[in-house]
Amino acid sequence: MTNREVARILEAIADILQIKNDNPFKIKAYRNAAEAVCHLQEDLLPLYRDGRLRDIPGVGKSVQAGIIEILEKGSMSYYDRLLEEIPSGVLDMLAIPGLGHKTINLLHTSLGISSLPDLEQAAREHRIRQLPGMGAKSEDNIIKGLELLRQGANKATLGLARPLALEFLQYMERTGVVQKAALVGSIRRGKSLVGDVDILVCADDLERLHNVIETYPGLKKIDECTSTNIKGRLRWELPFEIIRVASDEFAAAQFWTTGSKAFRKAVLPGGNLQPFRGLSDEAELFGKMGMQYIPPEMRENQGEIEMARRRELPRLVETSDIKGDLHVHSSWSDGGGGMAEMAQAARGMGYVYLAMTDHSQSLSISRGLSEERLQAQGASLEAINSQFKDFTILRGTEVDILKDGRLDYHDEVLKNLEVVIASIHSHFKLDREAQTRRIIAAIEHPLVNIIGHLTGRLLGRRPGYEVDVDRILEACAINQVALEINAHPDRLDIDEGTARQAARLGVKMAVNSDAHDVNDLQLLEYGIINARRGWLTKNDIINCWEIDRLRSFFKKDGGSCI
DNA sequence: CCCCAATTGGGGGAATGCCCTCAGGCATT
């Protein structure tokens, strides 16, 4: 059980209590504990073994007891009892935009709605508009929200699926039941939303393989079990498939099961893998086909096959190419770590620079910095910076783009910063034209360097706002403004398609973690995967550059601006 | 519920505008 999963249970308890209209401080306590567990740098298990769970700020006597129960038994009796009152189907309704705890309580108690299907039926039968505070529009929004949910249904973010898949894979390797094992399928290709976990294995002892899988603590259930296939579900109902092949077929099977379907069809139309038996790895296989090795992230049949035949594949960016992170929050706004702590962690990752980019004043919910506090932060930052010889903290901001396209700080304030990210955090529902003009106004502002999370999408939860990407890319190219690839696995914004289009137009990008604590810095990896899916090289990505080149880009030396 | 002062009891809410319906819930990181 990962920290994140324990946190999700605590969060669910808070949600149930809030729906029940319980003591607000109790709710807050569970939410605080969930957040604290989420931001924890250490695993809960060793903390539990050393009896140090209470050391976590926000974890008291009773939450500690709950966490211990979860770690020991995989469940928690208080949570189970709450679920009897408020079933999980009621909690599912929280995913619908516009429905919060109060409204859900009303729907549950007065109409007896306990699931998403119940909700849909009630909305279609116009029973919801009879409730106080609800009308025809509310019913409309509910139906729209349900449709949105259905689109993302049965898909998990890479951020959820990949760690679970790796944990499962490592478990099988640790038990020694597999001679070879590899992640394949859409997770290997790095898709941002995946349907299932596909793992390829070689295992001589079939019976033992079955036993080992049946006793895996992260297993929910097994649906199907043959000598070549084991299908079932992991935690969070994540489907998995284990594909068992002979040792001399492994490389060919790796190639075949990684896909994608379109790639397979184009590169090997007959699907005859016989000539590729006995190969030692995929590289050899590509060699036999007269091609360069195609990285899994590119295998979508979008021109990469022809390029590989001509030996013209780009050298894709790698995590080790990253020299710094340009979007990081600290406890000055809504981050969980101090500036020095974040800087040390970034330095520990081998970075040579880090931009501190806390929120600006309009985003009050994130304790956005007033111009005065921003100045104070700058002074503190300089003091920390002077302690480093081989590392630089860049003074920056994630400044809000206001409704009309103006920025949330005066130019005199922005002038003193080295990195200005401009992002949208409000007015998501402007029409396409207004939204596009708003963003272009920010791009044309001479002091803006990067546009943060361009579309604001949250994978599986919220579509991005409407923007004209072509016009935005054009404006970025003209004004020497970079687009962010926000690496958070719930965002991955811009997406791979936009990234590829941007690169073709000469628009530079920044792969940023948007970290709110030390752990989050590691999320940058997902951004790199997404960048690779967009065929990017280190030249396309400004935080792969030396600091001098980066600084000169920010000064827009070569641009037509200023 | 947790924390912090003390060892039983009091204090603690992230701020603000939008939206839909008519007072207040919801969304934003």
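Within every chain, numbering begins at 1; the chains are lettered A, B, ... in the order of the sequence lines, protein sequences first and strands thereafter.
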We want to know whether [X] and [Y] form a side-chain donor-acceptor pair, criterion being a heavy-atom distance below 3.5 angstrom.
| X | Y | answer |
| --- | --- | --- |
| A/N486 | A/D493 | no |
| A/Q435 | A/R438 | yes |
| A/Q375 | A/N416 | no |

With rounding to the closest Å, how many angstrom separate the [atom1] atoms on [N] and [M]?
| N | M | atom1 | result |
| --- | --- | --- | --- |
| B/dG13 | B/dG9 | P | 22 Å |
| B/dA6 | B/dG11 | C1' | 14 Å |
| B/dC26 | B/dC20 | P | 13 Å |
| B/dT8 | B/dA15 | C1' | 34 Å |
| B/dA23 | B/dG17 | C1' | 16 Å |
| B/dC18 | B/dG12 | P | 30 Å |
| B/dT28 | B/dC22 | C1' | 24 Å |

Determine: side-chain N/O of [X] to OP1/OP2 of [N], distance under 4.0 Å, yes or no.
| X | N | value |
| --- | --- | --- |
| A/R31 | B/dG12 | no |
| A/S426 | B/dT28 | no |
| A/K26 | B/dC1 | no |
| A/T103 | B/dC26 | yes |

NZ of A/K429: more than 12 outside heavy atoms within 6.0 angstrom?
no
Determine whether more than 12 heavy atoms belonging to other residues, nucleotides or ligands lie under 6.0 Å from atom CZ of A/R129.
yes
Whole angstrom is fine here: how far is it from [atom1] in [X] over to [atom2] in [N]?
| X | N | atom1 | atom2 | value |
| --- | --- | --- | --- | --- |
| A/Y465 | B/dT28 | OH | C1' | 11 Å |
| A/Q18 | B/dG13 | CD | P | 16 Å |
| A/I13 | B/dC2 | CD1 | P | 11 Å |
| A/L107 | B/dC26 | CG | C1' | 14 Å |
| A/D15 | B/dC1 | CG | C1' | 15 Å |
| A/I96 | B/dA27 | CD1 | P | 11 Å |
| A/D490 | B/dT29 | CG | C1' | 12 Å |
| A/I104 | B/dG24 | CD1 | P | 19 Å |

State whether [X] and [Y] are salt-bridged, where the test is any N-O pair (Lys NZ or Arg NE/NH1/NH2 against Asp/Glu carboxylate O) under 4.0 Å.
| X | Y | answer |
| --- | --- | --- |
| A/K415 | A/D411 | no |
| A/E433 | A/R437 | yes |
| A/R533 | A/D495 | no |
| A/R162 | A/E167 | no |

Output all residues satisfying salt bridge (Lys or Arg N to Asp or Glu O under 4.0 Å) with [X], sequence neighbours left out; order by chain, then residue number.
| X | answer |
| --- | --- |
| A/E35 | none |
| A/R491 | none |
| A/R462 | none |

Mind listing the side-chain donor-acceptor pairs of residues 51-61 of chain A below 3.5 Å, one per line with the distance, residues two or more places apart or on another chain?
residue	atom	partner	partner atom	Å
A/R52	NH1	A/D50	OD2	3.1
A/R52	NH2	A/E42	OE1	3.3

Is there a residue in [range] whose heavy atoms reach under 4.0 Å of DNA chain B, and which residues are they?
| range | value |
| --- | --- |
| residues 126-143 of chain A | A/G133, A/M134, A/G135, A/A136, A/K137, A/S138, A/N141 |
| residues 396-403 of chain A | none |
| residues 509-529 of chain A | A/H516 |

Do any pairs count as a ring pair (Phe, Tyr, Trp, His ring centres under 6.0 Å) and have a residue in residues 339-367 of chain A, sequence neighbours left out, and if so which ones?
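For residues 339-367 of chain A: A/H329-A/H359, A/H359-A/H425.
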Strictly by ring pair (Phe, Tyr, Trp, His ring centres under 6.0 Å), give each pair with a member in residues 85-128 of chain A just once, sequence neighbours left out.
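Qualifying pairs: none.
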Name the residue closer to the 5' end of DNA chain B, choosing between A/R491 and A/K28 according to the nucleotide with the nearest heavy atom.
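Upstream on the strand: A/K28.
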Mapping A/L94 and A/S364 onto DNA chain B by nearest heavy atom, which one lands closer to the 5' end?
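The answer here is A/S364.
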Among residues at least two apart in sequence or on other chains, which ones pass side chain to side chain contact (heavy atoms under 4.5 Å, CB included) with A/L149?
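For A/L149 the side chain to side chain contact (heavy atoms under 4.5 Å, CB included) partners, ignoring immediate neighbours, are A/A95, A/I96, A/L116.
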Can you check nucleotides 3-11 of chain B for protein contacts, nitrogen or oxygen pairs under 3.5 Å, and list what you find?
residue	atom	partner	partner atom	Å
B/dC3	OP1	A/G58	N	2.7

Can you tell me which stems involve DNA chain B, if a stem is defined as three or more consecutive Watson-Crick or G-U wobble pairs, both distances under 3.5 Å?
B:1-5 with B:8-12, B:14-19 with B:24-29
Cationic tip of A/R551 above A/W545 ring, under 6.0 Å, 45° of axis
no
Look at the side chain of [X] and decide which nucleotide, out of [options], has an atom nearest to it.
| X | options | answer |
| --- | --- | --- |
| A/K102 | B/dC26, B/dT28, B/dC1 | B/dC26 |
| A/F428 | B/dC1, B/dA27, B/dT29 | B/dT29 |
| A/P97 | B/dC1, B/dT29, B/dA27 | B/dA27 |

Indicate the atoms forming the closest heavy-atom contact of A/Q377 with A/S330, along with that distance.
NE2-OG, 3.8 Å
Here the pair of heavy atoms bringing A/A14 nearest to A/Y30 is CB-CB, 3.9 Å
May I ask you to say what A/I27 touches in the nucleic acid, namely base, sugar-phosphate or nothing, with a heavy-atom cut-off under 4.0 Å?
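Here A/I27 touches no strand at all.
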Is A/H329 touching bases, backbone alone, or none of the nucleic acid, heavy atoms closer than 4.0 Å?
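Touches nothing.
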